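Report on the following structure.
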Amino acid sequence: MRRTPESDQTHWTVARIAAHLGVDRHRVEYLIDARGIRPTARVGIARVFASEDVAYLGSELARIAAAREGVRHGRSG
């Protein structure tokens, strides 16, 4: 995937990824840990991720949401 100057200048921290994807930060943290995604850099103590990682996290969240559709939680009957 070709990088654009805009994507190279964006610091994709966990908080920014969560805000961009419209989910809670802990969901992004979980996926990063569960999928073994490694940061591309660090800025101070903050982990910074590539734009490709943000796209992958978005697709994984969509896949999880699609898998959950139609699943009933709780007891029936």
Side-chain angles (χ1 to χ4, degrees):
M1 179 176 217
R2 190 172 159 201
R3 288 185 175 215
T4 63
E6 179 182 311
S7 67
D8 286 341
Q9 294 174 357
T10 302
H11 295 289
W12 288 106
T13 60
V14 174
R16 181 167 279 187
I17 293 169
H20 176 74
L21 297 176
V23 297
D24 293 332
R25 181 181 172 150
H26 72 272
R27 294 188 71 197
V28 174
E29 290 276 3
Y30 171 79
L31 277 178
I32 288 170
D33 292 339
R35 302 303 189 264
I37 300 170
R38 304 191 93 165
T40 56
R42 288 193 177 263
V43 177
I45 63 169
R47 297 172 292 169
V48 178
F49 296 89
S51 296
E52 294 84 14
D53 296 330
V54 177
Y56 174 68
L57 290 166
S59 67
E60 283 295 290
L61 286 167
R63 186 188 63 76
I64 291 167
R68 284 186 157 185
E69 279 189 30
V71 175
R72 298 183 77 184
H73 296 281
R75 296 170 79 161
S76 61

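Predicted model only: the values in this text are computed from it and were never measured.
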Residue pairs passing the salt bridge (charged side-chain N to carboxylate O under 4.0 Å, His left out) test where at least one lies in residues 18-33, sequence neighbours excluded
Arg25-Glu29, Glu29-Arg47
Tell me, do Ile37 and Leu31 make a side-chain contact under 4.5 Å, heavy atoms counted?
no
Could you pull out the closest heavy-atom pair between Ala46 and Thr13, with the gap in Å?
CB-CG2, 4.2 Å
Pairs in or reaching into residues 14-52: which pass ring-ring contact (aromatic ring centres under 6.0 Å, His included), with residues at least two apart or in two chains?
Trp12-His20
Leu61 with Ile17, same ILVMFWY side-chain cluster at under 4.5 Å
yes
Interatomic spacing from CD in Glu52 to OG1 in Thr40 - rounded to 0.5 Å
9.0 Å
By side chain to side chain contact (heavy atoms under 4.5 Å, CB included), which residues pair with Arg38, not counting sequence neighbours?
none
Of all heavy-atom pairs between His11 and Arg16, which one has the smallest distance, and what is that distance?
O-CD, 3.4 Å
Minimum heavy-atom distance Val28-Leu57, with the two atoms named:
CG1-CD1, 4.2 Å
